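Just so it is clear: chains get the letters A, B, ... in the order the sequence lines come, proteins before strands, and each one is counted from 1. Fair warning: this is a prediction, and the values are worked out from it, not measured in the lab.
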2 protein chains.
Amino acid sequence: MKSKATSFDIAYRAGVSQSTVSRALRNSPLVNEETRLKVQAIAKELNYKVDKNASNLRSQQSSTLALLLFEDPTNDDSLINPFFLSMLGSITKACSDKGYDLLVSFQQMNDDWHAEFEDSNKADGIILLGYGDFLDYEEKLIQLIEQDTRFVRWGADVESLPIVSVGCDNFHGGYQLTEHVIMNGRKEFAFIGEASSHAPEFFDRYLGHCKALKDHKLAVDETKQFDAISTEESGYKAAESLIKSGAKFDALFGASDLIAIGAMRALLDNNYKVPEDVAIVGFDDIPMASFTFPPLTTAKQNTKLAGELLVESLIKLINEEEVKTTLMPTSLIVRKSCGS
Amino acid sequence: MKSKATSFDIAYRAGVSQSTVSRALRNSPLVNEETRLKVQAIAKELNYKVDKNASNLRSQQSSTLALLLFEDPTNDDSLINPFFLSMLGSITKACSDKGYDLLVSFQQMNDDWHAEFEDSNKADGIILLGYGDFLDYEEKLIQLIEQDTRFVRWGADVESLPIVSVGCDNFHGGYQLTEHVIMNGRKEFAFIGEASSHAPEFFDRYLGHCKALKDHKLAVDETKQFDAISTEESGYKAAESLIKSGAKFDALFGASDLIAIGAMRALLDNNYKVPEDVAIVGFDDIPMASFTFPPLTTAKQNTKLAGELLVESLIKLINEEEVKTTLMPTSLIVRKSCGS
DNA sequence: CTGAAAGCGCTTACAG
DNA sequence: CTGAAAGCGCTTACAG
């Protein structure tokens, strides 16, 4: 490996001081146009690149954002949840648009992950993305706040803490989906997905769902709510439990697409017809959702916009501008799984 | 934001020199057990983290790998190809398993992306992942080699250049899929996907496909090969051209799952029955493939293993160990799209 | 086993 | 507009 050119090499060739080289390369207005051009030409010729470690060390900032993707320890070797994967994609794009590098890291929920990156000066701030038990997660958030770490997170607003979140209007999404199914003539709903403060997003969807039922004078039957985490397998198992329970239902609300897809499989395997016997809705609009049979009606979370908002909010936070928590609308995507 | 603790702060409190603190924190055997424990205790108490910029600058290495995900400028705002997205997931995991950080970046093929990361000392080496015209790409590879950049890439072996690649046995995969369809009684194949040195992976699949036809005494009809890049849309359009050409075919080989899925839609929209009228196969086994209707028979590329191999190979390269190009086997995933 | 000192390659007051 | 100098926070010979 050839030894790399430094700003001194350029200074020597250009016949100026190293300070001037540094200024010229950073397009400082202090430097003479002609000098700047000469320096930049030589830099290009030598294939010179600023040493980021040195410049970050000196200027005490890194132009790097860290993305912490954490997951429930339970689903260890499986692939990443497709919803988060597409968030990852959009965050990566948004970062490069804004001129930031992105450091990506996976963490188990129980790891000691708080602020490793920011403390070590590798990143100016952190984006948190993940799933798992919210109550465990909340403790970590409190630690981050205590350390004055700059971070934003994807998820439902946490009113009790001063945190910038970007999330979807889960309540409204749940309401909208349920109302759509009611309009298609269904009356007896099952809900699959954890509906408690351990999973605030799912809980909000459930509450929206219940509100829609009440507004349409339909009964809420809590015995038809079955817990599940956001995997196909978990959705499949919960749907089996639902079937075994003998409960009557002509509609099923999966708290996420993955759950809905798993549940759809369970129903099909048990000779139910979708949507004739049971209408199904999911939540997220992951790429698979349009490929199920029948294609899944769902509430789309706009991951592209979400990634941009997350990155923009974090950059504002770093620059000490004012930032507020954002609630994005969801949009109803009607496909065939509800029979219309 | 509280000002961060430095090694001098720890030194002061521990009553030792800063050098000793540095040694103790790095578990140097040179340091007394008792001293080490004391230093580490104080570090923990102060919530101290080594400043990576400083340590990297001094030691001239970073424990960071860079992932360059580049894409054809043509499909700008669309989402990332799901196949590469799952590679991204597995690479991220493999990096964290190996104790490396991962810097992720998107690049357009025509950007001046070569070695940006390594030259700027932010990463010890680079993983290249992407699609686009191979001949453009090849020039970049040559530049990287000339600069002595350490990198590995996903893709077909490039025999003419000293590059470490990790890729699948595309030829054999193409052979296997085609043979499978022949065994199901099909005789007239169309192939959708660019089959030239601009797209070596697709080309290898095509060559494997042709070899299988020959081995089974079936004719290769080049007029039934239609170019397409790896998107649903491109597959859809190519399939439309195929249909309009009036050619007879009872089997269709999509050079990727995305192409096959787009082609399947085009066929369905034109009142073909799959698999009754036309058997379809794809390549990759992306998550969607099992959700199409009918589910898609395909050749699985093991992205989990690929990610691990890519990371391991790059680390070996960095440590100046010997590394060879790896060819991974594909596995035939039989679903319903070929009628069996 | 420990400490004093040099130096990684920059950025940025400070002085002119 | 330019240069000399300090210093970011570490690691690592060197000397003891």
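Applying the 4.0 Å criterion to OP1 and OP2 of D:dC10, one finds that B:Ser55 has every side-chain N and O outside that range. Between D:dC10 and B:Ser22, no contact under 4.0 Å exists linking OP1 or OP2 to a side-chain N or O. Considering only side-chain N and O atoms, B:Tyr48 lies nowhere under 4.0 angstrom from the phosphate OP1 or OP2 of D:dG9.
Rounded to whole Å, the distance from CG on A:Leu57 to C1' on D:dG9 is 6 Å. Between the NZ atom of B:Lys52 and the C1' atom of C:dC10 there is a distance of 20 Å, given to the nearest Å. A:Gln60 places its CD atom 14 Å from the P atom of D:dG7, with the value rounded to the nearest Å. Here the P atom of nucleotide D:dC10 and the CG atom of B:Asp9 are 9 Å apart, to the nearest Å. For B:Asp51 and C:dC10, the CG to P distance is 17 Å, given to the nearest whole Å. Straight-line distance from the CD1 atom of B:Ile10 to the P atom of C:dG3: 14 Å, rounded to whole Å. Across the protein-nucleic acid pair, B:Glu34 atom CD and C:dT2 atom C1' stand 14 Å apart, rounded to whole Å. The interatomic distance linking B:Gln18 (CD) with C:dA6 (P) rounds to 14 Å, in whole Å.
With hydrogens and angles ignored, the 3.5 Å screen pairs no side-chain donor or acceptor of A:Thr35 with any backbone N or O of A:Val31. Between the A:Asn319 side chain and the A:Glu321 main chain, no donor and acceptor come within less than 3.5 Å of each other. In this structure, A:Ser165 contributes its side chain and A:Thr325 its backbone to no donor-acceptor pair below 3.5 Å.
Counting atom types as modelled, A:Arg58 pairs no side-chain N or O with a base atom of D:dG9 as donor and acceptor under 3.5 Å.
When each of C:dG3, C:dC1, D:dT2 is scored by its nearest atom to the side-chain atoms of B:Arg23, the top-ranked nucleotide is C:dG3. The side chain of B:Thr35 has C:dT2 as its nearest neighbour among D:dA4, D:dC10, C:dT2. If you check C:dC10, C:dG3, C:dC8 against the side chain of A:Phe8, the one that comes closest is C:dC10. Checked against D:dT2, C:dC1, D:dT12, the side chain of B:Leu30 finds its nearest nucleotide in C:dC1. Closest to the side chain of A:Ser19, from the set D:dG3, C:dG3, D:dT11, is D:dG3. Ranking D:dT12, C:dC14, C:dG9 by closeness to the B:Ser59 side chain, first place goes to D:dT12.
Residue B:Val16 is the one, among B:Ala54 and B:Val16, whose nearest nucleotide of DNA chain C lies closer to the 5' end (criterion: closest heavy atom).
A 3.5 Å limit on both hydrogen-bonding distances identifies no Watson-Crick or G-U partner for C:dA13. As the counterpart of C:dA4, no nucleotide is assigned, since no Watson-Crick or G-U wobble pattern has both distances under 3.5 Å.
Ion pair A:Asp124/A:Arg150 not flagged as a salt bridge, since none of the NZ, NE, NH1 or NH2 atoms sits closer than 4.0 Å to an Asp/Glu carboxylate oxygen. With respect to the salt-bridge test (charged N to carboxylate O, under 4.0 angstrom), the residues A:Lys98 and A:Glu308 do not qualify.
Backbone-only contact: A:Ser7 has heavy atoms under 4.0 Å from sugar-phosphate atoms and none from a base. Counting any heavy atom pair closer than 4.0 Å across all strands shown, A:Thr6 reaches sugar-phosphate atoms only and no base atom. Nucleic acid contact for A:Arg26: sugar-phosphate only, since backbone atoms but no base atoms lie under 4.0 Å from a heavy atom of the residue.
For the residue pair B:Ser19 and B:Ser22, no side-chain donor N or O sits within less than 3.5 Å of a side-chain acceptor on the partner.
D:dT12 and D:dG16: their C1' atoms are spaced 16 Å apart (whole Å).
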